[in-house]
**Q** 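Before anything else, here's the structure in question.
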Amino acid sequence: GAGVSQSPSNKVTEKGKDVELRCDPISGHTALYWYRQSLGQGLEFLIYFQGNSAPDKSGLPSDRFSAERTGGSVSTLTIQRTQQEDSAVYLCASSLGVTGNSDTQYFGPGTRLTVL
Amino acid sequence: AQSVAQPEDQVNVAEGNPLTVKCTYSVSGNPYLFWYVQYPNRGLQFLLKYITGDNLVKGSYGFEAEFNKSQTSFHLKKPSALVSDSALYFCAVRVRGDSSYKLIFGSGTRLLVRP
């Protein structure tokens with residue numbers, strides 16, 4: 001079956017521009033997560049959605065970062081006024097649920113963001 | 001604070017030999033433990049996880065991991081390495097009862113299997 005998909009696969013932008021990154025989770029998965037992978041910081045949690053709600057936004061690095069999820073499916077991560085330190089690979093993951101055997105997170109291929 | 005340590009940046013092994021990639025964790029409660037693998041320019045692929053029960057967990061591609069509560073370790077093993085196993089491996093932990101459900105990752109270990 002289809003896995004988690006993300007678009008675009010690569011995004012190059014200029015400092016100060018806004019960007020939107022999209023995630024399509026596995027169909028039927030209620031939980032969705034965003035992580036960031038960078039050389040200096042490794043893999044960092046950004047935000048977690050259960051349905052359309054975000055019970056944990058604690059990993060968002062600044063108020064320039066926001067995310068939403070609609071219809072319990074697609075999620076968009078928006079970065080406003082991008083900075084060079086935002087350059088990273090942004091990974092999305094989804095899980096069927098959050099307990100026991102349903103909590104395995106399956107990852108998409110990521111969006112590589114480069115801020116010039 | 002919860003944390004995961006992968007003490008080796010790189011592990012080198014000859015094809016056909018056994019491999020071990022080390023992981024230790026520090027959490028305030030009972031852990032769920034995971035191993036993921038990342039190939040170049042790809043996302044993370046799930047290998048295996050420990051929830052409860054048998055301390056030896058078997059996963060994809062012939063990998064297994066042993067949960068050791070007293071040593072707070074969850075080392076990844078494979079009896080006979082393949083060149084195609086060369087990749088970046090991440091250990092991760094989630095704390096039971098943590099309402100965030102987020103994964104906390106180690107820094108990753110690069111596995112190089114030479115022919």
Side-chain angles (χ1 to χ4, degrees), chain A residues 2-10 21 23-26 29-51 53-60 88-112, chain B residues 1-10 23 25 27 29-54 57-60 63 65 74 87-110:
Chain A
V4 177
S5 61
Q6 293 185 245
S7 61
S9 56
N10 280 285
L21 312 180
C23 172
D24 282 90
I26 294 172
H29 279 199
T30 63
L32 186 147
Y33 314 79
W34 285 96
Y35 294 85
R36 180 168 73 172
Q37 185 175 22
S38 58
L39 280 176
Q41 301 299 322
L43 270 158
E44 307 170 277
F45 166 79
L46 296 177
I47 187 170
Y48 150 65
F49 285 92
Q50 180 61 45
S53 301
D56 187 358
K57 307 178 184 180
S58 63
L60 295 178
V89 176
Y90 289 81
L91 293 166
C92 176
S94 69
S95 65
L96 183 63
V98 292
T99 58
N101 282 318
S102 71
D103 74 334
T104 300
Q105 296 181 27
Y106 296 94
F107 283 78
T111 294
R112 182 176 297 276
Chain B
Q2 334 285 11
S3 65
V4 176
Q6 293 182 243
E8 303 153 316
D9 289 337
Q10 183 164 307
C23 172
Y25 63 91
V27 299
N30 291 317
Y32 291 148
L33 292 155
F34 302 79
W35 275 101
Y36 285 84
V37 59
Q38 186 175 37
Y39 296 98
N41 300 314
R42 303 280 294 277
L44 301 175
Q45 294 182 29
F46 169 73
L47 280 179
L48 52 80
K49 73 177 180 182
Y50 170 80
I51 301 176
T52 186
D54 193 348
V57 179
K58 294 187 182 296
S60 306
F63 284 94
F74 190 58
L88 188 56
Y89 290 80
F90 289 94
C91 181
V93 67
R94 176 165 89 69
V95 180
R96 294 188 205 180
D98 181 351
S99 61
S100 146
Y101 306 106
K102 66 187 177 193
L103 292 175
I104 299 164
F105 285 90
S107 55
T109 298
R110 187 166 300 282

**Q** With a 3.5 Å distance limit and no angle check, can you tell me whether A:Gln105 reaches the backbone of B:Tyr101 through a side-chain donor-acceptor pair?
**A** yes
**Q** May I ask you to name which of A:Tyr48, A:Tyr33, A:Phe107 has the most heavy-atom pairs under 4.5 Å with chain B?
**A** A:Phe107
**Q** Under 4.5 Å heavy-atom distance to chain A, tell me which part of B:Gln45 shows up: side chain, backbone, both or neither.
**A** neither
**Q** Let's test your reading of the structure: which of A:Ile47, A:Asp103, A:Val89, A:Leu91 forms the most heavy-atom pairs below 4.5 Å with chain B?
**A** A:Asp103
**Q** Side-chain donor-acceptor pairs under 3.5 Å in residues 2-10 of chain A, sequence neighbours left out?
**A**
from: A:Gln6; atom 1: OE1; to: A:Cys92; atom 2: N; distance (Å): 3.0
from: A:Gln6; atom 1: OE1; to: A:Gly110; atom 2: N; distance (Å): 2.9
from: A:Gln6; atom 1: NE2; to: A:Tyr90; atom 2: O; distance (Å): 2.9

**Q** Identify the heavy atoms of B:Tyr36 and A:Thr104 that sit nearest to each other, and give their distance.
**A** OH-CG2, 4.4 Å
**Q** Between chain A and each of B:Lys49, B:Arg42, B:Gln38, count heavy-atom pairs under 4.5 Å; write down the option with the most.
**A** B:Lys49
**Q** Closest heavy-atom contact between A:Val98 and B:Arg94?
**A** O-NH2, 3.1 Å
**Q** Ignoring hydrogens and angles, tell me if any N or O in the side chain of A:Tyr35 forms a donor-acceptor pair with the backbone of B:Leu103 under 3.5 Å.
**A** yes
**Q** Of all residues at least two apart in sequence or in a different chain, which pass the salt bridge (Lys or Arg N to Asp or Glu O under 4.0 Å) check with A:Asp24?
**A** A:Arg22
**Q** Do B:Ile104 and A:Leu43 come close enough that some side-chain heavy atom pair is under 4.5 Å?
**A** no
